[in-house]
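Taking it in order: structure first as structure tokens, then the write-up.
Proteins get letters first, then strands, A, B, ... in listed order; numbering begins at 1 in each.
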Amino acid sequence: MLKATLSPPFLHRISPIVSPIISRANPSNSVNLLWKKALFSAIISRMDDKFLKPYDPNTTENEIYNKWEESGFFNPDECIQAGITEKDARPFSIILPPPNVTGNLHMGHAVMLALQDIMIRYNRMSGKRTLWLPGTDHAAIATQSKVEKELYKKEKKTRHDLGRDEFIARVEAFAKESHDTIVNQIKKIGASVDWSREAFTLDENRSLAVRTAFKNMYDDGLIYRGSRIVNWDPKMQTTVSDDEIEWKEEKATFYYLKYGPFTIGTARPETKFGDKYVVMHPDDSRYKEYTHGQTLEVEWINGLITATVIKDEAVDMEFGTGVMTITPWHDATDFDIAERHKLDKEQIIDFKGKLLPIAEEFEGIHISKARPEIVKKLEEKGLLERVDENYTHRIATNSRGNGVIEPQIKEQWFVDVNKEFRGTTLKKEMRDAVEGGKITIIPDHFKKTYFHWIDNLRDWCISRQIWYGHRIPVWYKGSEVYVGVEEPGGDGWKQDLDTLDTWFSSGLWTFSTLGWPFDYGHSAELSRSPQGKPIFDDTQGKPVPGSDLDVYHPTAVLETGYDILFFWVARMILMSSYHLDDIPFKTVYLHGLVRDEKGQKMSKSLGNVIDPLDMTEKYGADATRLSLIIGATAGTDVKLSEDKVRGYKHFSNKLWNITRFVLSNTEGLDSTSQPPLTKEDTKILEESNTFAKEVTEAIERFQLHLAGEKLYQYVWHTFADKIIEESKPILEGDDEKAKKSRQYTLYTILVLNIKLLHPFTPFVTEEIWSSLPHHKENMLLVEKWPVDA
RNA sequence: GGGCGGUUAGCUCAAUUGGUAGAGCAACUCGUUUACACCGAGUAGGUUGCAGGUUCAAGUCCUGCACCGCCCACCA
């Protein structure tokens with residue numbers, strides 16, 4: 001076994017490449033003692049036998065992760081206590097986008113974890129006060145619908161059969177199980193998250209944050225209750241937000257119906273019973289003889305009705321006949337027209353999708369079955385003029401449960417995005433944060449997409465009729481309404497049955513995880529506020545000094561997939577602007593989607609899913625990480641094949657063998673003293689220095705794919721293929737001076753590369769590090785980065 | 001309908017913001033069994049989608065076009 005140790009003064013001497021580790025060692029702490037002990041043995045002894053075998057990730061990765069975790073150094077407080085990080089070091093924080101507790105992690109999560117871990121490890125090594133806070137998301141509707149599906153499949157029961165409490169218990173059990181799986185998977189990837197600060201979007205602390213947020217916004221008039229047209233999923237019996245809708249194309253028949261003197265077109269005759277408004281464009285010369293507000297008697301499905309002519313610019317003159325009738329209760333466009341002209345709205349379809357009494361003999365029939373019968377009646381009455389069979393109809397479905405959406409008018413809770421508060425609006429705040437450059441989006445062009453979305457933003461419907469989630473903190477007693485953080489005193493209060501959109505709680509994520517609106521006693525020894533005391537000072541409008549919220553917010557980076565830019569990123573900006581009057585993060589890094597080798601989305605039905613856990617088991621976490629990083633620029637989708645992962649396993653092994661070569665050829669080298677260097681070696685060291693700077697710059701610029709590729713190139717094709725190959729004759733030759741110089745150089749470059757590679761391939765580098773003579777006692781995880789930023 | 005990307009070697013993708021187009025797979029030739037066959041040395045492969053423009057200089061900037069993909073949207 002090796003017993004040698006590289007001394008800090010030696011590191012000083014060579015160059016800034018390998019920076020002075022000792023400068024960070026606080027004389028009063030134990031780390032320094034390790035160094036003192038280490039200084040006595042600086043001679044490289046015989047190589048560890050494990051290098052005679054190929055590198056095997058499976059035998060090392062779990063053990064290494066445990067050691068990291070046991071060290072406590074994932075927690076920045078511990079790093080400060082151990083003297084590894086300066087007390088006043090600049091903070092660098094990332095709050096992990098919480099995976100949904102709906103099952104397993106997929107490759108998209110693996111990309112996210114790999115990218116963030118690189119940033120975190122780099123910054124930790126660079127001496128920053130680095131926090132990566134993990135957590136999971138209850139994902140309300142997604143989780144509930146998954147459990148509902150299983151419940152029906154296994155027991156043929158619905159949630160109503162179980163009742164609210166029993167059902168919630170089932171969901172919670174499922175969520176717990178998913179959570180444990182996910183935590184395990186996060187560890188497998190090697191993510192250096194601070195588990196001591198782990199959060200859940202539905203735990204006690206986050207619930208308090210949600211209720212506080214709701215109350216504050218309600219008091220400012222930013223949350224209101226109103227009757228509006230919403231996306232109703234009759235299957236799941238809940239509303240769904242606009243963003244959760246997935247449009248599907250369907251071949252359908254388009255019907256032309258006689259409506260008095262007009263011909264109207266529709267794909268949905270079954271909704272037309274109550275249609276008593278006939279709408280046309282004011283500029284349409286074909287209908288100039290009809291005036292706005294004019295009434296006429298029309299023979300319709302169930303007899304004569306009085307129709308009113310409405311002129312509105314929403315009508316497309318080119319489409320169909322340029323005339324339509326409207327169903328305001330069940331169509332968003334129609335609803336808007338009705339609102340503009342103050343028209344009656346009548347419900348035709350109930351919340352279960354069945355026709356109401358207005359349909360007369362069709363009452364109680366589900367709309368999915370009513371169409372042919374109604375068409376038959378229309379035909380018999382001579383109201384059906386013609387049909388177009390080649391029509392593609394777009395239907396709205398719930399992306400979470402696949403139910404067909406039936407728009408309905410319903411009383412719901414909304415966030416008003418245009419309401420003024422403190423001289424601004426939520427919409428304006430969201431725009432300004434990015435437009436004014438306070439937040440940088442990578443890649444840059446997503447700014448345009450973001451603005452486009454903001455400009456078209458409507459009030460956000462936040463209430464859901466599902467059971468799993470944050471209960472709306474509103475209580476009713478007769479006509480009284482109470483909105484508060486805690487339940488009101490006194491008898492007879494009933495809480496609102498609805499729950500909140502899952503994005504409401506995730507919107508608070510960057511600060512609810514950091515203790516807002518209260519501190520829960522993290523690291524009290526580091527002059528935090530005492531447990532339970534507010535950490536946000538409303539009178540000053542800023543966090544109490546020294547609290548997690550004060551130190552780590554705004555977070556440095558939000559790294560996530562571009563597909564949730566609107567769902568989540570925008571909403572975090574909204575919430576942070578309002579509640580903290582601050583941005584939630586300085587940089588948004590958006591990664592692409594992981595697709596299969598043909599560029600198709602990975603899905604169970606296509607059977608092309610590559611499971612990250614499979615990959616880490618077969619090829620190791622390091623190889624899996626590299627395969628996801630290299631060749632993946634920000635915002636661009638990554639094509640992944642098993643071959644690619646396999647390829648990077650070779651890299652780990654190559655590094656392993658480089659180490660074997662260097663150690664077996666430097667036996668006896670006194671690493672504490674630098675020998676006189678040959679010209680070639682001086683040049684090699686200078687070049688490696690330049691290379692290290694390039695890698696550092698690439699990481700600083702968030703060009704992680706470039707940094708990874710450079711490392712790969714250098715290690716394999718410069719270090720191994722050129723430097724090591726050229727070393728062979730020198731090492732076997734008689735020139736002792738050249739030999740010593742080269743041994744020293746090889747060793748130095750090995751150490752340099754192990755450090756630079758650590759954020760990318762943490763396991764194999766840590767494993768090698770543990771076998772290097774000099775560093776046995778000190779983990780690579782907290783080694784100093786070899787280049788000063 | 002509106003918006004955003006992409007088009008570079010056979011395949012997958014880079015190119016540090018205008019300065020001699022690169023890498024990994026794949027192919028071909030040769031070598032190598034004591035660091036690594038999970039290896040090495042080399043070869044071949046490009047009018048950077050098309051057409052113009054700006055510039056000493058364009059894959060990169062501008063204009064137009066053609067495909068491919070994605071997002072948003074109230075054609076009933």
Side-chain angles (χ1 to χ4, degrees), chain A residues 47 51-55 229 242-243 245 247 254-255 257 264-269 271-272 275 279 312 314-327 330-337 391 393-394 396 407 443-453 455-458 562-563 565-566 592-593 595 597-599 601 619 623 626-627 630-633 635-641 643-644 646-665 694 697-698 700-701 703 705-710 712-713 716-717 720-722 724-725 727-728 731 746:
Chain A
M47 186 187 66
F51 287 106
L52 296 175
K53 285 184 233 142
Y55 175 62
I229 191 147
D242 291 346
D243 309 301
I245 284 190
W247 291 91
F254 195 75
Y255 304 89
L257 307 176
I264 60 154
T266 184
R268 303 195 57 195
T271 65
K272 303 264 118 193
D275 287 14
V279 191
D312 193 285
V315 177
D316 182 353
M317 289 188 271
E318 308 294 315
F319 187 83
T321 56
V323 183
M324 65 179 189
T325 60
I326 57 169
T327 315
H330 300 291
D331 185 284
T333 314
D334 296 0
F335 178 86
D336 287 346
I337 294 172
Y391 182 71
H393 190 225
R394 297 179 62 221
D444 190 58
H445 70 254
F446 272 103
K447 272 204 295 208
K448 292 177 191 170
T449 317
Y450 176 79
F451 291 141
H452 192 251
W453 181 80
D455 293 341
N456 292 310
L457 188 63
R458 302 213 249 167
Y562 65 75
D563 52 331
L565 179 65
F566 308 137
L593 273 33
R595 296 172 174 280
E597 53 195 316
K598 291 176 201 151
K601 251 188 181 170
Y619 309 108
L626 278 182
S627 71
I630 295 181
T633 40
T636 306
D637 293 352
V638 199
K639 284 182 196 162
L640 186 73
S641 62
D643 278 345
K644 192 174 175 190
R646 193 180 296 123
Y648 287 109
K649 189 192 175 175
H650 301 338
F651 180 74
S652 295
N653 196 55
K654 186 77 180 177
L655 196 63
W656 193 247
N657 279 298
I658 287 170
T659 307
R660 173 179 169 187
F661 179 88
V662 173
L663 290 184
S664 63
N665 283 288
E694 283 173 8
E697 271 173 39
E700 288 281 344
R701 283 200 201 99
Q703 295 176 310
H705 66 285
L706 237 177
E709 214 171 299
K710 272 180 193 290
Y712 183 98
Q713 283 299 308
W716 202 306
H717 300 298
D721 291 351
K722 295 211 172 67
I724 286 182
E725 288 304 324
S727 298
K728 288 176 181 170
L731 295 169
L746 286 173

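At a cut-off of 3.5 angstrom, counting only N and O atoms as typed in the model, there is no donor on one side facing an acceptor on the other between the side-chain of A:Glu709 and the base of B:A15.
If you measure from atom CD1 of A:Ile630 to atom P of B:C25, you get 11 Å, rounded to the nearest angstrom. The OH atom of A:Tyr648 sits 24 Å away from the P atom of B:C36 (whole-angstrom rounding). In this structure, A:Asn665 atom CG and B:C36 atom C1' are separated by 13 Å, rounded to whole Å. We find that NE2 of A:His717 is positioned 14 Å from C1' of B:A14, with the value rounded to whole Å. Taking atom CD on A:Glu700 and atom P on B:U17, their separation rounds to 16 Å, with Å as the unit. Here the P atom of nucleotide B:U12 and the CG atom of A:Asp643 are 14 Å apart, to the nearest Å. Counting to the nearest Å, the C1' atom of B:C39 and the NZ atom of A:Lys722 are 15 Å from each other. Here the C1' atom of nucleotide B:C36 and the CH2 atom of A:Trp656 are 13 Å apart, to the nearest Å.
With RNA chain B read from its 5' end, the first of the two nearest nucleotides for A:Gln703 and A:Lys644 is the one closest to A:Lys644. Residue A:Lys639 is the one, among A:Lys639 and A:Ser664, whose nearest nucleotide of RNA chain B lies closer to the 5' end (criterion: closest heavy atom).
In this structure, A:Phe451 has its ring center at least 6.0 angstrom away from the ring center of A:Phe566. A ring-centre distance under 6.0 Å is found for A:Tyr712 and A:Phe651.
For A:Thr633 and B:A14, the shortest distance from a side-chain N or O to OP1 or OP2 is below 4.0 Å. For A:Trp716 and B:G40, the shortest distance from a side-chain N or O to OP1 or OP2 is below 4.0 Å. The phosphate of B:G5 (OP1 or OP2) has a side-chain N or O of A:Lys448 nearer than 4.0 angstrom.
Comparing B:G5 with B:C62, their P atoms are spaced 11 Å from each other, to the whole Å. Separation of the P atoms belonging to B:G1 and B:G10 is 36 Å when rounded to the nearest angstrom. Distance noted for atom C1' between B:A44 and B:G49: 24 Å (whole Å). For the C1' atoms, the distance linking B:C30 with B:A37 amounts to 16 Å, nearest Å. B:U48 and B:G22 are spaced 12 Å apart, taking the C1' atom of each and rounding to whole Å. Comparing the C1' positions of B:G45 and B:U12 gives a spacing of 16 Å, expressed to the nearest Å.
If you check every strand for non-hydrogen atoms under 4.0 Å, A:Ile724 touches a base. A:Ala720 comes within contact range of at least one nucleobase, with a heavy-atom separation under 4.0 Å. No engagement by A:Pro443 is indicated, since no non-hydrogen atom pair under 4.0 Å with the nucleic acid exists. Counting non-hydrogen atoms under 4.0 angstrom, A:Arg646 reaches nothing in the nucleic acid. Contacts of A:Glu725 with the nucleic acid, taken as non-hydrogen atoms under 4.0 Å apart, include base atoms. Within the 4.0 angstrom heavy-atom criterion, base atoms lie near A:Lys654.
Taking only side-chain atoms of A:Gln713, from C-beta outward, the nucleotide of B:G5, B:A23, B:A35 with the closest atom is B:A23. Of all nucleotides listed (B:A15, B:C38, B:A35), B:C38 comes nearest to the side chain of A:His650. Minimum atom distance to the side chain of A:Asn653 is reached by B:C36, of the listed B:C36, B:C4, B:A15.
Side chains of A:Asp275 and A:Thr327: a donor on one and an acceptor on the other come within 3.5 Å. There is a side-chain donor-acceptor pair under 3.5 Å between A:Asp637 and A:Tyr562.
When base pairs are accepted only as Watson-Crick or G-U wobble with both N-N or N-O distances under 3.5 Å, RNA chain B takes part in stems of 3 or more pairs at B:1-7 with B:66-72, B:10-13 with B:22-25, B:27-31 with B:39-43, B:49-53 with B:61-65.
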Q: Going 5' to 3' through nucleotides 69-76 of chain B, assign each nucleotide B (protein heavy atom under 4.0 Å from a base atom), S (under 4.0 Å only from sugar-phosphate atoms) or - (no protein heavy atom that close).
A: --S-BBBB
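For A:Lys728 and A:Glu725, the salt-bridge test passes: some basic side-chain N is under 4.0 Å from an acidic carboxylate O.
Screening A:Thr449, A:Leu457, A:Asp455, A:Asn456 against A:Trp453 for a side chain to side chain contact (heavy atoms under 4.5 Å, CB included) leaves a single residue, A:Leu457.
Because its glycosidic torsion is within 90° of 0, B:U17 is reported here as syn.
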